[in-house]
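For reference, positions follow the sequence shown, starting with 1. We use all heavy atoms of the structure for the numbers below, so side chains are in, but hydrogens, waters and symmetry mates are not.
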Amino acid sequence: MSTPAAKHAAGIVEVPLDLIALSLDERIYVKMRGDRELRGKLHAYDEHMNMILGEVEEIITTTEIDEATAEEVVQTARRRVDMLFVRGDGVILVAPPLRTGF
C-alpha cells in the first residue's frame with residue numbers, strides 16, 4: 001500500500017477518503033443536513049469528515065407553506081465566510097471538483 005502522499009501525487013483512489021485527499025486545496029461541494037450546501041476550498045479533513053473550508057459560500061434553502069394560498073414558498077439565503085469548520089456528522093455528500101484529461 002502506498003503512502004498518502006504518494007497516492008495523492010499519483011491520483012490513486014483505494015478507499016473513499018482517498019478521493020477527499022485528492023481534493024485538498026481545491027474547491028469542493030458539500031451537501032449538509034438541514035437543506036444547507038457549501039462550496040469552498042478544502043484545507044483539511046479527518047476520518048470523521050470534519051473539514052476546514054476556506055472561501056466558503058453557504059446556501060440555505062427553506063420551504064414554507066403560504067397559509068393564504070396553500071402554496072409552497074421556497075427561499076434561498078446565501079452568505080460568504082472566509083474560514084469554516086464543518087462538523088462531519090452533518091455531512092451528507094462531498095463532491096470533488098470535476099477533473100478532465102482522462
Side-chain angles (χ1 to χ4, degrees):
M1 188 159 145
S2 305
T3 65
K7 288 193 288 188
H8 179 65
I12 297 171
V13 176
E14 293 177 347
V15 295
L17 285 179
D18 289 346
L19 186 61
I20 305 303
L22 291 173
S23 300
L24 279 171
D25 296 321
E26 295 194 40
R27 292 191 61 80
I28 63 170
Y29 168 81
V30 182
K31 180 153 180 64
M32 303 289 296
R33 293 182 187 181
D35 292 323
R36 293 176 182 263
E37 300 174 33
L38 305 170
R39 287 184 176 82
K41 186 175 181 182
L42 179 64
H43 290 285
Y45 71 96
D46 66 13
E47 67 273 10
H48 304 288
M49 292 304 299
N50 296 319
M51 293 179 269
I52 303 292
L53 297 178
E55 304 167 18
V56 182
E57 178 185 26
E58 179 181 26
I59 303 165
I60 304 166
T61 304
T62 57
T63 304
E64 298 177 1
I65 303 296
D66 184 336
E67 293 180 16
T69 63
E71 292 182 6
E72 282 190 356
V73 177
V74 178
Q75 295 180 336
T76 302
R78 295 176 184 262
R79 72 174 182 150
R80 296 205 179 268
V81 182
D82 290 333
M83 192 68 67
L84 186 68
F85 173 82
V86 178
R87 186 175 160 118
D89 66 352
V91 173
I92 294 172
L93 175 139
V94 177
L98 293 175
R99 301 186 195 290
T100 57
F102 288 93

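In this structure, the separation between CG on Asp46 and CG on Leu17 is 9.0 Å, given to the nearest 0.5 Å. Residue Ile92 holds its CD1 atom at 12.0 Å from CE of Met49, rounded to the nearest 0.5 Å. Atom CD of residue Gln75 and atom OG1 of residue Thr62 lie 4.5 Å apart, to the nearest 0.5 angstrom. The CG atom of Leu84 sits 10.5 Å away from atom NE2 of His43, with the distance rounded to the nearest 0.5 Å. Rounding to the nearest 0.5 Å gives a distance of 10.0 Å between CZ of Arg36 and OG1 of Thr61. Between the CZ atom in Arg87 and the CZ atom in Arg33 there is a gap of 10.0 Å [rounded to 0.5 Å].
Closest non-hydrogen pair, Ile28 versus Pro96, comes out as CG2-CA, 4.2 Å.
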Exercise for review: Begin from the C-alpha positions of Asp82 and Glu55 and carry the test side-chain contact (heavy atoms from CB on, under 4.5 Å) through to its verdict.
Suggested key: CA-CA 5 Å; Asp82 290 333; Glu55 304 167 18; over 6 Å; no
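Within the 4.5 Å cutoff, the side chain of Leu42 has heavy atoms near those of the Leu53 side chain. Looking at heavy atoms from C-beta onward, Leu38 lies out of side-chain contact with Met51 at the 4.5 angstrom threshold. In this structure, Ile65 and Glu72 have side chains that are in contact, with non-hydrogen atoms separated by less than 4.5 Å. In this structure the side chain of Tyr45 never reaches within 4.5 angstrom of the side chain of Val86, judged on heavy atoms. The shortest distance between side-chain heavy atoms of Met83 and Ile52 falls below 4.5 Å.
Partner Glu58 forms a salt bridge (charged side-chain N to carboxylate O under 4.0 Å, His left out) with one of Arg78, Lys31, Arg79, Arg80 and no other, that one being Arg79.
Two different hydrophobic clusters hold Leu24 and Tyr29 under the rule that ILVMFWY side chains link at heavy-atom gaps under 4.5 Å. Hydrophobic clustering, with ILVMFWY side chains joined whenever heavy atoms are under 4.5 angstrom apart, groups Val91 together with Val81.
Looking at Asp35, its side chain never comes within 3.5 Å of a backbone N or O of Ile60 through a donor-acceptor pair. Without hydrogens or angle criteria, Arg39 side chain to Ile59 main chain gives no donor-acceptor distance under 3.5 Å.
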